[in-house]
Amino acid sequence: MDTLAAKQQTSTDGVRVKVQRFGRFLSGMVMPNIGAFIAWGLITALFIPTGWFPSEYLAKLVGPMITYLLPLLIGYTGGTMVHGTRGGVIGAVTTMGVVIGTDIPMFLGAMIVGPFAAWVLKQFDKSIEGKIKSGFEMLVNNFSSGIIGGILAVLSYAVVGPAVQVVSKLLASGVEVLVNAGLLPLANVLIEPGKVLFLNNAINHGVLSPIALEQASKTGKSILFMLESNPGPGLGILLAYWLVGRGAAKLSAPGAAIIHFFGGIHEIYFPYILMNPRLILAVIAGGVTGTFTFSLFGAGLVAPPSPGSIFAYIAMAPKGGLLSIFTGVITATIVSFVVAALLLKTGKQADDEDSLEQAQAKMKEMKMKPGTAAASNTTAATDAVATAAPLKAAADVRKIVFSCDAGMGSSAMGASILRKKMKEAAVDVTVINTAISEIPDDADIVVTHKSLTDRARNQAPKAEHISIENFMKSPEYETLVNRLKS
């Protein structure tokens with residue numbers, strides 16, 4: 001029975017890793033270009049006829065940016081992820097085919113044809129590797145990418161573009177039906193658990209944003225931008241821990257709430273739910289309430305609020321839309337807080353959740369697998385360290401990589417905290433942050449959240465891997481610093 005349970009757990013972990021990897025690939029095409037989306041959103045919010053400062057002259061930027069610039073950036077980025085610069089170029093060329101072949105913003109099309117074109121070119125490059133006569137390399141490389149790109153652009157224009165347009169219109173119609181029927185809030189029943197499994201970027205930027213951008217181009221705003229990014233549910237969880245929680249969780253919750261609500265790093269509240277899984281009911285209740293309120297008052301944003309900070313919500317709000325947006329965030333916070341506080345009060349918090357560190361050690365002990373953790377007689381801090389390779393000697397550690405799904409949110413915060421501790425301890429080690437898919441080959445130690453460690457280990461099998469659960473205050477930070485210092 002134990003063997004069967006272990007196999008089932010391994011299978012579940014494998015599926016989770018694959019889903020996270022696919023979600024990371026989707027969001028990876030959008031995340032690097034968020035600055036461009038924000039620029040377009042600001043121009044839209046300010047200068048369209050219903051904007052804050054209407055300007056017919058400056059509003060001419062809106063259409064070309066969403067029709068050409070943003071899809072081409074997505075196609076180029078997707079191609080680069082598959083086959084470097086050559087893949088990016090052919091991805092952009094092919095994306096132009098779907099852009100011209102339709103009359104709607106082609107974000108979904110770009111996410112399909114950009115990586116596909118790069119993959120085709122990559123296969124061609126592999127097939128001719130070592131077969132080109134010396135002196136003809138540049139000629140073959142340029143003409144191969146040009147010919148293949150031209151063919152794929154024509155196919156995208158004639159076939160893929162119209163097909164994706166039909167799919168996009170069906171999705172938009174489905175969303176409209178849900179909105180009209182008042183069922184859109186039910187989407188949060190799936191979205192909130194998905195976020196806690198670190199699929200937040202994939203859900204927001206890989207699924208919701210492409211549909212939302214098409215809506216925003218027609219109506220000037222979209223509620224879909226707020227389904228995943230609403231900071232209210234997470235804020236309610238952290239406030240509940242602050243007021244009725246215990247131990248380290250109670251002490252760390254106020255700082256986490258500030259970073260979450262104002263900094264927009266939602267990953268920071270995920271561990272607080274993972275240590276008490278019943279609280280997923282609180283964020284679901286908060287998310288459903290927030291979306292229902294948004295729908296009731298016709299709220300929407302003009303572009304993706306990334307990161308999901310209240311400041312980003314304010315910046316992306318259409319003229320006259322701030323009150324409805326604040327109402328949805330506040331109601332989501334209140335409902336999430338009430339449910340979470342009730343669950344914390346009625347649960348066995350004193351016995352099982354006296355401190356965040358104890359909960360981390362307990363969860364690690366329950367989920368420990370052979371070969372992934374230290375021996376059972378080690379300390380709780382060491383128990384949380386999962387190694388894919390033997391512990392590296394202090395003298396051999398030159399680069400520590402703090403990695404997360406997108407490489408921009410929790411990893412940047414964790415790297416900053418760890419870098420400061422290393423500096424205070426006079427440890428001369430480079431600490432950087434990256435996305436899991438971009439962990440460099442020369443990484444000596446990789447630090448990730450426990451639910452992402454499997455993916456990181458597959459990406460960098462030769463590095464030592466350290467799993468943490470609390471980005472702000474993890475005992476593994478001090479353990480690592482003391483180890484390298486000694």
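Heavy-atom basis, side chains included; hydrogens, waters and symmetry copies ignored. Nothing here was measured: the structure is a model prediction, and the numbers come from that model.
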Flag, side chain of Ser144 to backbone of Asn141, donor-acceptor distance under 3.5 Å: yes
Residues Gly88 and Tyr76: closest non-hydrogen pair is O-CD1, 3.0 Å
Output for pair (Arg419 CZ, Thr430 OG1), nearest 0.5 Å, gives 9.5 Å
Can you measure from CE (Met316) to CE (Met226) and round to the nearest 0.5 angstrom? 13.0 Å
Side chain Lys195, main chain Glu228, donor-acceptor under 3.5 Å: yes
Report the C-alpha distance between Val447 and Ile400 in whole Å, list the side-chain angles of each, state the deciding distance to 0.1 Å, and finish with yes or no for side-chain contact (heavy atoms from CB on, under 4.5 Å). CA-CA 7 Å; Val447 185; Ile400 299 175; 4.0 Å; yes
Can you sort out the partners of Thr331 under side-chain hydrogen bond (donor to acceptor under 3.5 Å, both in side chains), two or more places apart, ordered by chain and number? Thr293
Going by atom types alone, do Tyr241 and Ser252 pair a side-chain donor with an acceptor below 3.5 Å? no
Tell me whether the rings of Tyr269 and His260 are parallel (<30°), tilted (30 to 60°) or perpendicular (>60°). perpendicular
Can you measure from CZ (Phe402) to CD1 (Ile417) and round to the nearest 0.5 angstrom? 7.5 Å
Considering all heavy atoms of both residues, which atom of Ile325 and which atom of Phe294 are nearest to each other, and what is their separation? O-CE2, 3.4 Å
Side chains of Thr80 and Pro32: closer than 4.5 Å at any heavy-atom pair? no
Output the distance between atom OG1 (Thr291) and atom CG (Leu224), rounded to the nearest 0.5 Å. 9.5 Å
Side chains of Asn188 and Ile284: closer than 4.5 Å at any heavy-atom pair? no
Quick one: do the Thr448 and Ser403 side chains pair a donor with an acceptor below 3.5 Å? no
Can you check whether Phe37 reaches Leu73 side chain to side chain, under 4.5 Å on heavy atoms? no
Does any non-hydrogen side-chain atom of Leu238 lie less than 4.5 Å from one of Tyr272? yes
Find out whether Phe326 and Ile314 are in side-chain contact, i.e. whether some heavy atom of one side chain is under 4.5 Å from a heavy atom of the other. yes
Check: Met29 main-chain N/O paired with Asn33 side-chain donor or acceptor under 3.5 Å: yes
To the nearest 0.5 Å, what is the distance between OG (Ser467) and CD (Glu476)? 8.0 Å
Working note: Val283 + Phe270, criterion side-chain contact (heavy atoms from CB on, under 4.5 Å); need CA distance, chi angles, decisive distance, verdict. CA-CA 10 Å; Val283 288; Phe270 298 171; over 6 Å; no
side-chain contact (heavy atoms from CB on, under 4.5 Å) for Gln459 and Val446? Distances and angles first, verdict last. CA-CA 10 Å; Gln459 184 69 25; Val446 178; over 6 Å; no
Using every non-hydrogen atom in the two residues, find where Ser229 and His266 come nearest and quote the distance to one decimal. O-CE1, 3.1 Å
Ion pair Arg457/Asp454, N-O distance below 4.0 Å: yes
Backbone N/O of Leu480 and side chain of Lys421: donor-acceptor pair under 3.5 Å: no
Neighbour count >12 (heavy atoms, 6.0 Å) for atom CZ, Phe292: no
Determine whether a donor-acceptor pair (N or O, by modelled atom type, separation under 3.5 Å) exists between the side chain of Thr44 and the backbone of Trp40. yes
What pair of heavy atoms forms the shortest contact from Lys319 to Gly51, and how long is it? CD-O, 3.2 Å
Minimal non-hydrogen separation, Val401 against Ala443, with atom names: CG2-CB, 3.5 Å
Taking all non-hydrogen atoms of both residues into account, name the closest pair between Ala282 and Ala340 and its distance. CB-N, 3.6 Å
Could you check whether any side-chain N or O of Asp444 sits under 3.5 Å from a backbone N or O of Arg398, counting only pairs where one atom can act as donor and the other as acceptor? yes
Can I get a per-line list of side-chain donor-acceptor pairs under 3.5 Å for residues 89-109, giving both atom names and the distance, sequence neighbours left out?
| residue | atom | partner | partner atom | Å |
| --- | --- | --- | --- | --- |
| Thr94 | OG1 | Ile90 | O | 2.8 |
| Thr95 | OG1 | Gly91 | O | 2.6 |
| Thr102 | OG1 | Val98 | O | 3.0 |
| Thr102 | OG1 | Ile104 | O | 3.4 |
| Asp103 | OD1 | Gln165 | NE2 | 2.2 |

Which distance, rounded to the nearest 0.5 Å, do you find between the CD1 of Ile237 and the CH2 of Trp242? 15.5 Å
Neighbour count >12 (heavy atoms, 6.0 Å) for atom CZ, Phe124: yes
Run Leu322 and Tyr313 through side-chain contact (heavy atoms from CB on, under 4.5 Å) and show every step you take. CA-CA 8 Å; Leu322 283 175; Tyr313 265 51; over 6 Å; no
